[in-house]
Amino acid sequence: MIVVVNDQRVEVDEQTTVAKLLASLGFPDRGVAVALDLAVLPRSNWEIRLFDGARLEVVTAVQGG
């Protein structure tokens with residue numbers, strides 16, 4: 001099935017969770033915020049399975065000055 005992450009199409013299987021997807025794409029363990037279909041998704045819900053056509057926006061914190 002296909003999901004969209006930051007406007008990029010990604011093919012995943014039916015067992016893929018948000019957490020597994022983020023890890024497979026190389027996002028860090030900390031400093032990450034996720035929105036699923038325009039709704040902020042708390043880290044406690046990252047174990048939910050994705051569905052065909054899901055749209056995720058992933059933002060990472062950047063340190064600097």
Side-chain angles (χ1 to χ4, degrees):
M1 70 183 170
I2 301 294
V3 299
V4 179
V5 181
N6 295 348
D7 294 324
Q8 300 293 318
R9 294 169 52 95
V10 179
E11 188 169 347
V12 299
D13 64 42
E14 294 83 22
Q15 303 303 315
T16 303
T17 65
V18 173
K20 287 180 184 177
L21 176 64
L22 295 177
S24 74
L25 295 175
F27 285 99
D29 293 336
R30 299 177 57 110
V32 177
V34 176
L36 175 60
D37 291 336
L38 301 177
V40 174
L41 188 65
R43 185 176 291 269
S44 60
N45 291 344
W46 286 11
E47 291 305 321
I48 65 168
R49 290 184 183 156
L50 292 168
F51 51 89
D52 193 41
R55 298 187 63 86
L56 291 101
E57 292 295 325
V58 183
V59 180
T60 56
V62 177
Q63 185 176 0

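- At a threshold of 4.5 Å between non-hydrogen side-chain atoms, the residues Val18 and Asn45 do not count as touching.
- Using a 4.5 Å heavy-atom threshold, the side chains of Leu41 and Ile48 count as touching.
- Glu57 has its side chain within reach of Asp7: a pair of non-hydrogen atoms, C-beta onward, lies under 4.5 Å apart.
- Legend: residues meeting side-chain hydrogen bond (donor to acceptor under 3.5 Å, both in side chains) with Arg43, ordered by chain and number and at least two apart, are absent.
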What donor-acceptor contacts under 3.5 angstrom involve side-chain atoms of residues 19-29, with partners at least two apart or in another chain?
from, atom 1, to, atom 2, distance (Å)
Ser24, OG, Lys20, O, 3.4
Ser24, OG, Leu21, O, 2.8

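- Between Asp37 and Gly53, the closest heavy-atom pair is OD1-O, 4.5 Å.
- The distance from atom CG of Asn6 to atom CZ of Arg55, rounded to the nearest 0.5 Å, is 10.0 Å.
- Residues Val12 and Val32 share a single hydrophobic cluster, defined by chaining ILVMFWY side chains whose heavy atoms lie under 4.5 Å apart.
- Smallest separation of non-hydrogen atoms from Met1 and Leu50: CE-O, 3.2 Å.
- Residues Asp52 and Ile2 meet the side-chain proximity criterion, which asks for heavy atoms closer than 4.5 Å.
- Using a 4.5 Å heavy-atom cutoff, the side chains of Val10 and Leu56 are not in contact.
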